[in-house]
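Okay, structure first, notes after.
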Amino acid sequence: MDYDFKKIERKWQEKWRSEGTYKVSEDSSKPKFYVLDMFPYPSGAGLHVGHPLGYIASDIYSRYKRLRGFNVLHPMGYDAFGLPAEQYAIQTGQHPEVTTMKNIARYREQLDRIGFCYDWSREVRTCDPEYYKWTQWAFLKMFGSWFDPAQNKARPIEELIAKLETTGYEDVTPEMWAAASEKEKSDILMRWRIAYLGETSVNWCEGLGTVLANDEVKDGLSVRGGFPVEQKKMKQWQLRVSTYAGRLLESLDSLSWTDSLKEMQRNWIGKSEGTEVVFNTVCDGRELPVTIFTTRVDTIFGVTFMVLAPESELVDQLTAESRKDAVAAYVKEVRKKTERERIAETKSVTGVFAGSYGINPLTGEKVPIWISEYVLAGYGTGAIMAVPAHDSRDYAFAKKFGLPIVPIIEGCDVSEQSFDAKEGKMCNSGFLNGMDVKVAIEAAKDYAEAHGLGRRKTNYRLRDAIFSRQRYWGEPFPIYYKDGIPMPVDEKDLPLTLPEIESFKPSANGEPPLARAKDWTYKGYPLETSTMPGFAGSSAYYLRYMDPHNGEALVSRKANEYWRNVDLYVGGTEHATGHLIYSRFWNKFLFDLGYVCCDEPFAKLVNQGMIQGRSNFVYRIVGTNKFVSLGLKDQYETTEIHVDINIVRNDKLDLDAFKAWRPEFADAEFVLENGEYICGWAVEKMSKSMYNVVNPDDICDTYGADTLRLYEMFLGPIEQSKPWDTKGIDGVNRFLKKFWRLFYDRDQWLVVDEKASPAELKALHKLIGKEQEDIEAMSYNTNISAFMIALSELGECHKREVLEPLVVLLSPFAPHMAEELWEALGHTTSVCDAAFPEYVEAYTVEDNVTYPVQFNGKMRFTVDLPKSASPAEVEAAVRALPQTAKYVLEGQSIVKVIVVPGRIINIVVK
RNA sequence: GCCCGAAUGGCGGAAUUGGUAGACGCGCUGGACUCAAAAUCCAGUGUCCCUUAAAGACGUGCCGGUUCGAUCCCGGCUUUGGGCACCA
């Protein structure tokens, strides 16, 4: 029987499905292991070869863990709510659900062909009401909770209400609370609810007609669609993620994530320890204390002006009568700008004098107060003290508006630029004079606190997440408005299902699409018309997989305590500051309220690299329909044209296919080199427009899924981005064929029950040892190499004793072939349920001669000696080493001397 | 501008993290089988010197350092990928 991958793969995929081979359930007799892929958004374009990279990696790991006796949870689902389906719906009128379901079916078909061991009975779809019931439930819990800074965790809002009634909380006294109307009480609680409705400056995207979260905006453009985004004050639902900033930062240390990803999250959370200092201000004779935030109190003697953010509430109070018009004009100007314009103009400095003055609390000096967009309203207090000598932004501002620059560090030159470094000795700084800057920072903080001028304060850049989207295709908020007061829908009435509407466009008066829904009410009151953003559904999906059909809870306590959290999470870095922050926040929140038992959702995370496309080009001679091969193109004036990579093989163009590709090339002529047309190439993003998309289905057709799996892993380390290049695919395909031939020669079954030779056992066990090591480290490419070496070492070995374990070792990589051979070997159960072969080190010991001698140095030496040298000769050789060596060896002894074939001795010293 | 990471043959990439650099695969060259091709198998394949071989020299982006010994450690560059960017 030849290796007929098509027949084999179809057979086993069918069998896995009908027999439920990959179905798992809680089994307390086995240790659990949870392997998760970031579930995909099912786009209309289908999968390309880049998508399965991570899926294959995690699949191999899952299969390996199962062989090692773990009960492995390896589920898959779809992040099915999202903008593209809705955009498509607006254009075509087709319901987003219809396109989404169609795309899901297509994804499933493509995924199934690759032979993943997903337990599909646990599939989740975020757009399924049975699923989003629990997204809405979590939102209600957040609405019904507040973050208690004393306990550093979320607590039921009832506890806050009790506080308000008895002792009061912050600036709300029990008397105020008792006297408050229902509406006022709602407003008060809104200040602390974890999910809250609040007015803030949001990223408004006109092109998409919705607001966006910070991570959905890049360079002032929407990540989806690339439309400009502007700042707008709007009342939106938000999640108080910022209250978790400290915990999100701290527990990062306990995670096995890559350093670079942790660093990204650290930067995004942006902890900065500084001081809040109160400056008294004077405006038209009125006094007003203003709090500013600084990380460099030590530079306070160098303050020459203060700056307010244009959006700051202080602007009105600190604008002098005489400056009103100028300030108003400036603020209006700034507001008009989009985020993108602000970024583009980073280098230009703008601002206006407010006409008021601040009093330096240490020097009593009076400094002018300015307003400038370089100060952000959303960070710190929206007001700063400016020290132009030691802050480059303040410096640029001072230069532009002719404000004084006072250096306070000895010997620094501020004639050209500011001196931002935290080094040197202080001067012009009263009691700080002569101190080293780093010492001065602490001294100044202490001084400010001791004299009641300010207090230490830790600020985070992490903002609350804006949670409303003015869209249709998302989870409806379980919130209704009773006389304008937001009220939660009863838990028992969940899910609050998405209503049918006639058009998916925003309504004529600019309201979200849900405003079009008939009878969008609850208990006779209007329901919220925004929907939740994409990250809502993806924030807790890993919990739902543990118990996907539970109608009573997001996840039962029993299932959660068994599966706990994700042991291995595989996905791209693009979610570093979005999904991976929100998920952690969401999980911590549920943890605080006791719904889940782990504080962190993803213990270990591996980022697979991106697979880029490898585009091919042909070169048309300008003005003709003649195409010149790459090597000769410099002799002509040519234009570069992308050519479909499906008609190019190893950079050689299939001329007939090219002529048939497009009508205008039908009568193309060619200038060949050595009788062939060689195409140029470049690495680019894989996309339709560059004709470089490789569909995994095509690879499965030509080579089979097992080859695809093996090849994607053989390409290089999974974390690395690399271009897709089919050049080497024949190599792994050959490997599989060779593997097959150990069992079959055409129809001849070759396997015999003979005893394996020492050399064969050695080859086998070397591979077993290597596979354990490599798969644990997800170093699949080197493991496949080891497989190839083992095969060539085994030569014509057809012994069952060797081949049976070999099939098990192959099964994570090429499951279809492994199953087929496993069955042929007479097994009636799946190879998945085989045990991983036991590694016996004794078989693999190298030919190295080891001399047990004692030594306690810390060096290694190289000496020339015949392999047959006796211990005495080795000793003598060591004694003859260079002077330094001899010296170190004096009176000590050697641990291990290895004679490597090739007459060289390594004396390994521990 | 700031913060990470990377750089090794014609190509993708190995190297027990200080001890035989270039595993494995691709490609290429030659050979076997074949009427021929495909498939398969065998041998060779870092560079230079050389008719060839032996032998040798050089060789992990560049310059320098530590070391008996550096792809690996240290200092200074260059190129490149990614992230952040008025966060006081």
Side-chain angles (χ1 to χ4, degrees), chain A residues 2 218-219 258-272 274-275 292-297 299 306-307 309 342-343 345-347 349 372-387 390-394 396-397 420 459-463 573-574 576-577 607 609-610 612 650-651 710-711 714-717 719-735 737-738 741 770 773 779 781-792 846 858-863 881-886 888 898 900-908:
Chain A
D2 273 337
K218 204 177 146 65
D219 297 332
T258 59
D259 290 337
S260 68
L261 196 86
K262 286 196 209 177
E263 202 51 37
M264 265 191 240
Q265 289 217 341
R266 283 192 194 103
N267 290 339
W268 190 259
I269 295 167
K271 181 177 181 169
S272 100
T275 316
I292 59 98
F293 175 75
T294 178
T295 51
R296 294 289 302 274
V297 230
T299 60
M306 290 174 71
V307 187
R342 280 216 202 180
I343 290 167
E345 292 165 18
T346 295
K347 298 214 164 50
V349 180
S372 171
E373 59 181 327
Y374 86 89
V375 174
L376 305 177
Y379 184 77
T381 60
I384 63 156
M385 64 177 211
V387 186
H390 303 289
D391 181 285
S392 51
R393 295 153 304 183
D394 298 344
F397 195 83
D420 292 13
N459 267 340
Y460 297 94
R461 285 160 62 176
L462 187 69
R463 311 291 165 80
T573 21
E574 65 271 23
T577 52
N607 294 116
M610 288 224 281
Q612 296 136 306
N650 291 344
D651 287 341
L710 224 37
Y711 187 56
F714 191 60
L715 229 38
E719 310 84 14
Q720 220 166 77
S721 285
K722 58 228 147 188
W724 176 262
D725 184 353
T726 32
K727 259 188 186 167
I729 200 166
D730 292 314
V732 288
N733 189 238
R734 232 167 263 166
F735 160 76
K737 288 186 196 158
K738 209 166 146 185
R741 282 200 303 274
K770 186 88 173 120
E773 217 174 89
S779 176
N781 56 331
T782 54
N783 194 232
I784 294 167
S785 293
F787 240 113
M788 291 171 172
I789 294 167
L791 232 52
S792 73
E846 287 297 333
K858 261 210 165 187
M859 300 180 75
R860 286 162 160 242
F861 305 98
T862 305
V863 206
L881 282 170
Q883 289 300 308
T884 48
K886 249 187 212 165
V888 172
I898 302 168
V900 179
R903 302 185 305 123
I904 290 174
I905 296 183
N906 279 338
I907 299 154
V908 181

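As a basis for the values below, the full set of heavy atoms in this structure was taken, side chains included, without hydrogen atoms, waters or symmetry mates. Model, not experiment: these values are computed from the prediction. Below, read A as the first sequence line, B as the second, and so on, with proteins coming before strands; counting in each chain starts at 1.
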With both pairing distances under 3.5 angstrom for Watson-Crick or G-U wobble, and | for a partner in another strand, the correct string for RNA chain B is (((((((..(((......[....)))((((((.......))))))(((.......)))..(((((..]....))))))))))))....

Using every non-hydrogen atom in the two residues, find where A/Ser721 and A/Met610 come nearest and quote the distance to one decimal. OG-N, 2.9 Å

About how many Å separate CG of A/Asp725 and CG of A/Leu715, when rounded to the nearest 0.5 Å? 7.5 Å

Determine the Euclidean distance between corresponding P atoms of B/rU20 and B/rG1; express it in Å to zero decimal places. 41 Å

What pair of heavy atoms forms the shortest contact from A/Met385 to A/Arg296, and how long is it? CE-O, 3.6 Å

Has A/Ser260 got a side-chain N or O lying under 4.0 Å from the OP1 or OP2 atom of B/rC3? no

Quick one: NZ on A/Lys738 to CE on A/Met788, what's the gap to the nearest 0.5 Å? 8.5 Å

Could you check how far CD of A/Glu773 sits from P of B/rA15, rounded to whole Å? 10 Å

Spacing of A/Ile269 atom CD1 relative to B/rA85 atom C1', expressed in whole Å: 17 Å

Whole-Å P distance, B/rC4 and B/rC73: 16 Å

Taking the P atom in each of B/rA55 and B/rU60, what is the distance between them to the nearest angstrom? 23 Å

Would you kindly give the CG-to-P distance between A/Leu376 and B/rA85, to the nearest whole Å? 11 Å

Please tell me which of the listed nucleotides, B/rC24, B/rA14, B/rC86, lies nearest to the side chain of A/Ile789? B/rC24

Find every protein N or O atom lying less than 3.5 Å from an N or O atom of nucleotides 9-12 of chain B, and list the pairs.
| unit_1 | atom_1 | unit_2 | atom_2 | d |
| --- | --- | --- | --- | --- |
| B/rG12 | O2' | A/Leu715 | O | 2.7 |

Which residues satisfy the side chain to side chain donor-acceptor pair (under 3.5 Å) test with A/Lys770, sequence neighbours excluded? A/Asp774

Measuring only the C1' atom in each nucleotide, how far is B/rC50 from B/rA54? A whole number of Å is fine. 11 Å

Rounded to whole Å, please give me the gap between CD in A/Glu263 and P in B/rC4. 7 Å

I want to verify the glycosidic state of B/rG9; is it syn or anti under the 90° rule? syn

How close do A/Tyr379 and A/Tyr460 get, counting heavy atoms only, and between which atoms? CE1-O, 3.7 Å

Residues in ring-ring contact (aromatic ring centres under 6.0 Å, His included) contact with A/Tyr374, at least two apart in sequence or another chain: A/Phe397

Rounded distance (nearest 0.5 Å) linking atom OG1 of A/Thr726 with atom CG of A/Asn733: 12.5 Å

When the C1' atoms of B/rU45 and B/rG10 are compared, how many Å lie between them, rounded to an integer? 11 Å

N/O to N/O distances under 3.5 Å, protein versus nucleotides 79-84 of chain B:
| unit_1 | atom_1 | unit_2 | atom_2 | d |
| --- | --- | --- | --- | --- |
| B/rC84 | OP2 | A/Lys218 | NZ | 3.1 |
| B/rC84 | O2' | A/Arg461 | NH2 | 3.3 |

A/Asn459 near the nucleic acid: base, sugar-phosphate alone, or nothing, with a heavy-atom cut-off under 4.0 Å? nothing

Phosphate OP1/OP2 of B/rA88: any A/Tyr374 side-chain N/O under 4.0 Å: no

Rounded to whole Å, please give me the gap between CD1 in A/Ile784 and P in B/rA14. 12 Å

B/rU79 to B/rC62 separation - P atoms, rounded to the nearest Å: 15 Å

Can you check the A/Asn781 CG to B/rA14 C1' distance for me, whole Å? 8 Å

Heavy atoms of A/Ala377 and A/Ala309 approach each other most closely as N-CB, 3.4 Å

Please report the interatomic distance CG(A/Asn267) to CG(A/Leu462), rounded to the nearest 0.5 Å. 12.0 Å

Separation of the C1' atoms in B/rU67 and B/rC72, to the nearest angstrom: 13 Å

CZ of A/Phe787 versus P of B/rA23: gap in Å, rounded? 21 Å

Please lay out, stage by stage, how A/Tyr711 and A/Trp724 fare under the test side chain to side chain contact (heavy atoms under 4.5 Å, CB included). CA-CA 10 Å; A/Tyr711 187 56; A/Trp724 176 262; 3.7 Å; yes

Closest-nucleotide mapping onto RNA chain B: is A/Thr782 or A/Tyr379 further toward the 5' terminus? I mean the 5' end. A/Thr782

I need the A/Met306 CE to A/Ile292 CD1 distance, nearest 0.5 Å. 6.5 Å

Is it true that a side-chain atom of A/Asn459 and a backbone atom of A/Ser272 form a donor plus acceptor pair closer than 3.5 Å? no

Protein-nucleotides 38-44 of chain B N/O pairs closer than 3.5 Å?
| unit_1 | atom_1 | unit_2 | atom_2 | d |
| --- | --- | --- | --- | --- |
| B/rU40 | O3' | A/Arg741 | NH2 | 3.2 |
| B/rC41 | OP1 | A/Arg741 | NH2 | 3.3 |

Using atom CG of A/Asn783 as one end and atom C1' of B/rC24 as the other, report the distance to the nearest whole Å. 12 Å

Atom pair CD1/CG of A/Ile384 and A/Asp394 - distance to nearest 0.5 Å: 4.5 Å

Between B/rC24 and B/rG30, how far apart are the two P atoms, rounded to whole Å? 23 Å

Determine the minimum heavy-atom distance between A/Lys722 and A/Pro717, stating which atoms define it. NZ-O, 2.8 Å

Side chain to side chain contact (heavy atoms under 4.5 Å, CB included), that's the test. Do A/Lys262 and A/Arg266 meet it? Break it down for me. CA-CA 6 Å; A/Lys262 286 196 209 177; A/Arg266 283 192 194 103; 3.9 Å; yes

